[in-house]
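Just below is one structure, and these are the notes that go with it.
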Amino acid sequence: MTTVTTLGFPRIGAKRELKTALESYWRGDSTADDLQHTARDLRHRHWQLQRDAGADVVPCNDFALYDHVLDTAFLFDAIPDAYRALADADPLAGYFALARGVQRDGTDLRALEMTKWFDTNYHYLVPELHAGQAFRLRGDKPVAEFLEARAAGHAARPVLLGPVSFLLLAKTVDGSDRLALLDALLPVYADLLAKLHAAGADWVQIDEPCLVLDLDDTARDAYLRTYSMLAKGARPSLLLATYFGRLGDNLPLACALPVDGLHVDLVRGKEQLDEVLKQLPKGRVLSAGLVDGRNIWRTNLDNALILAKYAQGHVGDNALWLSPSCSLLHVPVDVSGEKALPSDLKSWLAFARQKIEELRLLGDALRDPRAADAGLAIARDRIESRRQSPRVHRPEVAARLASPDAADIDRDSPYPQRRIAQATLLGLPDFPTTTIGSFPQTHEVREARARNKSGKLSDADYDAFLREETERCVRFQEAIGIDVLVHGEFERNDMVEYFGEQLDGFAFTKNGWVQSYGSRCVKPPVIYGDVSRPAPMTVRWSQYAQSLTDRPMKGMLTGPVTVLQWSFVRDDQARAQTCRQIALALRDEVLDLEAAGIRVIQIDEPALREGLPLRRADWQAYLDWAVECFRITAAGVADDTQVHTHMCYSEFNDIIDAVAAMDADVISIETSRSRMELLDAFVKFRYPNEIGPGVYDIHSPRIPTGGEMIDLLEKARAVLAPEQIWVNPDCGLKTRGWPEVREALTRMVAAAQAMRTGLVRAA
């Protein structure tokens, strides 16, 4: 009989229970035992939920307290020497030191570098390796969680990040070849598989998402050597899981590996099914990813059933598994609790639970078509309701896209002329200081917002509270000597949600939370229809903040590509079309900010690179429309209005031409965790405009010393002209506390002043 299963499940809980438990533990309000108790409860709840929704087999070891890549590094003892003593003395403290850094009791450790998980909005911790790295099993988490699931009565399949993808996703601190470590790593994987086999695991899922990337011969050879070695000895059956795209030219390789099953993404790569069926060896299990694990729309089950029947006809019932396209980590838990959504819109949505129910319906339809008729009819009605809904299509938006305004992507003058005009207007010193936008969202800020939403705090009182917070933030920045100020964004819940709430074509959930990293959860807006801006969104607070100071106040916007990437995007038209709609709406906001006297405007695009297709052949088409959308947003302002953008977790080397083509006057980037490594791309390219390489890692509670910041700025000064360099944190300060922000920013301003003094002395 066809098996219904999943590749992974959200960790955080429907109400962010993991976030609450983590932050309580980090504050010292609860114990490690309390945290582990919550983690165990979540695992058991999620296994049962999947079973109740119709899954025959549930994944285990897909749960992580912070990140599954960090879990893998920790499991195989890939722990940098500086952290080892702490990890040996207190494994949980060592684990979180790698994730967040630590600065107490004479211990001062930075967090590992963090970057995007392929082209998703999830962040993973980058393992740090070195030549001659030794590996060993540290603990038994995969075995323990398998036994835990089995004891609870579940048919469970352990999930492991595959050895080749693990190494390719890691970095070597000495520049050595990551894949040269394979021979040391494989025996430890083999040992783990043997232990899982001895514990009674029939199958193990080994995730090798790097198989959907462009691979060189060395990486291909690594896959062949890896799975030839792991095929030996006592082991469970192996499901090789690929996702996030088509296998393409790596399909023959994947089908040649001596594994027992292959998972393929038939949402992003449905065109590959026929070739997969031709090349898959007889007797192998095919796990068909028929339901989108990365978006929240109901599946067209009629189309999915055609693919499922076609696959069934080739591999047979017993060798066909029905799965989401990837782990369900990237979607919320359950849509049934969304009481405030319009009923028709809610009926179009499927969160993790509903996706499993869809797979169950497909499985039932394969077994007995008549038994599934009623369910398929309901699914069909939902798809048609969405297609016909007047909520979705708006003629005036289409008309504007066809107007000349939509094609205007050029500033009036080239950057050198704009720089002169901006210098005259703003009068900034060398090494000007600023921040990326947000200031701490304290408990008081969050509580006031919640009380206002619930009606317990009047709009007038909430407005007065926000004014006080904004003025306090402005006065603090003035007091420590920040050159270009921000208003702090206390009125904003999230950098995308805040804008989506004020744009037509967006909807919002109450509990649609997904994990971004660690305890950081986001609630992406749902773009269900054509996008437009009914009224100004940010002008009031930016204008108020500017009225409090004579220093330049930066207007803060989230750019069109990031709004797109960090939302659940409609799947009934091209993403480029939706992005152009957002760009035109934001262009109106930019022009209104300028008209209100805001002459520095930051259009954040931290998600630009994460939208990059995984295959290089597809890059240019994406970059063309992504850059075009940014330029549509920014093009209407005068030469002396300075346009900033911010990007984070981006490896710029491959897309530096596109970054330059955005033509922002100033770009700020995250560089502190990588010790300015990301700056290399701008140096080799000779980026002509101004750059703010981050000197303060805001994703860690650790406060850098002034000397560290000066050291980073000296590295920047060695490769950039002084007049190009801005001084700023890596990212917004929303998640940090005021005590650390005060100290860190004070040190940052002092570092900038020291650089100015040094510049004068050098002259």
Legend entry - Contacts of type salt bridge (Lys or Arg N to Asp or Glu O under 4.0 Å), residue Arg40, not counting sequence neighbours: none
Legend entry - Partners passing side-chain contact (heavy atoms from CB on, under 4.5 Å) against Ala664 (at least two apart in sequence or in another chain): Phe630, Thr645
Legend entry - By side-chain hydrogen bond (donor to acceptor under 3.5 Å, both in side chains) - contacts of His68 (at least two apart): Arg11
Legend entry - Value rounded to 0.5 Å, distance of CD1 in Ile725 from CD in Glu714: 9.0 Å
Legend entry - Carboxylate-amine/guanidinium proximity below 4.0 Å for Arg747 and Glu708: no
Inset, instruction - Taking atom types as modelled, find out whether Gln441 and Arg449 have a side-chain donor-acceptor pair closer than 3.5 angstrom. - result: yes
Inset, instruction - Mind checking side-chain contact (heavy atoms from CB on, under 4.5 Å) for Thr746 and listing every partner two or more places apart, or none if nothing turns up? - result: Ile480
Inset, instruction - Go through the structure and list residues passing side-chain hydrogen bond (donor to acceptor under 3.5 Å, both in side chains) with Thr107, not counting sequence neighbours. - result: none
Legend entry - Check ion pair Arg551-Glu478 (N to O, under 4.0 angstrom): no
Inset, instruction - Would you mind reporting whether Cys60 and Glu148 have side-chain heavy atoms less than 4.5 Å apart? - result: no
Legend entry - Salt-bridge contact Arg43-Glu145 (side-chain N to carboxylate O under 4.0 Å): yes
Legend entry - Side-chain heavy atoms of Ser567 within contact of Val496, under 4.5 Å: yes
Inset, instruction - Examine the side chains of Asn61 and Lys141 and answer whether a donor and an acceptor come within less than 3.5 Å of each other. - result: yes
Legend entry - Sidechain N-carboxylate O distance under 4.0 Å for Asp697, Arg110: no
Legend entry - Contacts of type side-chain hydrogen bond (donor to acceptor under 3.5 Å, both in side chains), residue Asp29, not counting sequence neighbours: Arg27
Inset, instruction - Identify, with sequence neighbours excluded, every residue that meets side-chain contact (heavy atoms from CB on, under 4.5 Å) alongside Asp90. - result: Leu92, Ala93
Legend entry - Salt-bridge criterion met for Glu128 and Lys171 (N-O under 4.0 Å): no
Legend entry - Among Phe135, Tyr83, Tyr95, Phe96, the one residue meeting ring-ring contact (aromatic ring centres under 6.0 Å, His included) with Phe74: Tyr95
Legend entry - Approximate separation, where rounding is to 0.5 Å, of Leu35 CG and Ser30 OG: 6.5 Å
Inset, instruction - Please lay out, stage by stage, how Ile691 and Ser668 fare under the test side-chain contact (heavy atoms from CB on, under 4.5 Å). - result: CA-CA 6 Å; Ile691 305 175; Ser668 55; over 6 Å; no
Inset, instruction - Please round to the nearest 0.5 Å and tell me the distance separating atom CD1 of Ile710 and atom CE of Met748. - result: 12.5 Å
Legend entry - By side-chain hydrogen bond (donor to acceptor under 3.5 Å, both in side chains) - contacts of Ser516 (at least two apart): His123
Inset, instruction - Check whether any side-chain heavy atom of Phe568 sits under 4.5 Å from a side-chain heavy atom of Val514, and report yes or no. - result: yes
Legend entry - Listed partners of Pro432 passing side-chain contact (heavy atoms from CB on, under 4.5 Å), at least two apart: Leu428, Asp483, Trp726
Legend entry - From Gln565 atom CD to Thr120 atom OG1, the distance as rounded to the nearest 0.5 Å: 10.0 Å
Inset, instruction - Any pair with a residue in residues 469-492 that passes ring-ring contact (aromatic ring centres under 6.0 Å, His included), sequence neighbours left out, goes on the list, sorted by first then second residue, please. - result: Phe476-Trp738
Inset, instruction - Apply ring pair (Phe, Tyr, Trp, His ring centres under 6.0 Å) to Phe76 and list each qualifying residue two or more places apart in sequence or on a separate chain. - result: Tyr189
Legend entry - Residue pair Tyr696, Leu712: steps toward the side-chain contact (heavy atoms from CB on, under 4.5 Å) verdict: CA-CA 10 Å; Tyr696 160 33; Leu712 291 174; over 6 Å; no
Inset, instruction - Kindly write out the residues that satisfy salt bridge (Lys or Arg N to Asp or Glu O under 4.0 Å) with Arg446, not counting sequence neighbours, or none if the list is empty. - result: none
Inset, instruction - Indicate the ring-plane relationship of Trp26 and Tyr66, choosing parallel, tilted or perpendicular according to the 30° and 60° boundaries. - result: tilted
Legend entry - Check against side chain to side chain donor-acceptor pair (under 3.5 Å), Tyr122 and Asp67: CA-CA 10 Å; Tyr122 177 78; Asp67 166 52; 2.6 Å; yes
Inset, instruction - Decide, yes or no, whether a salt bridge links Asp191 with Arg138 under the criterion of side-chain N to carboxylate O below 4.0 Å. - result: no
Inset, instruction - Would you kindly say whether Gln36 and Asp34 are connected by a side-chain donor-acceptor distance under 3.5 Å? - result: no
Legend entry - Test side chain to side chain donor-acceptor pair (under 3.5 Å) applied to Asp33 and His37, step by step: CA-CA 6 Å; Asp33 286 344; His37 180 77; over 6 Å; no
Inset, instruction - Quickly, which of Val484, Thr434, Leu485 forms a side-chain contact (heavy atoms from CB on, under 4.5 Å) with Gln477? Name it, please. - result: Leu485
Legend entry - Residues Arg294, Asp119: salt bridge by 4.0 Å N-O rule: yes
Inset, instruction - May I ask you to test the Lys734-Pro440 pair for a side-chain heavy-atom distance under 4.5 Å? - result: no
Legend entry - Approximate separation, where rounding is to 0.5 Å, of Thr558 OG1 and Glu497 CD: 11.5 Å
Inset, instruction - Check whether the ring centres of Phe244 and His330 lie less than 6.0 Å apart, and answer yes or no. - result: yes
Inset, instruction - Determine whether Lys195 and Asp140 make a side-chain contact, defined as any pair of heavy atoms from C-beta on separated by less than 4.5 Å. - result: no
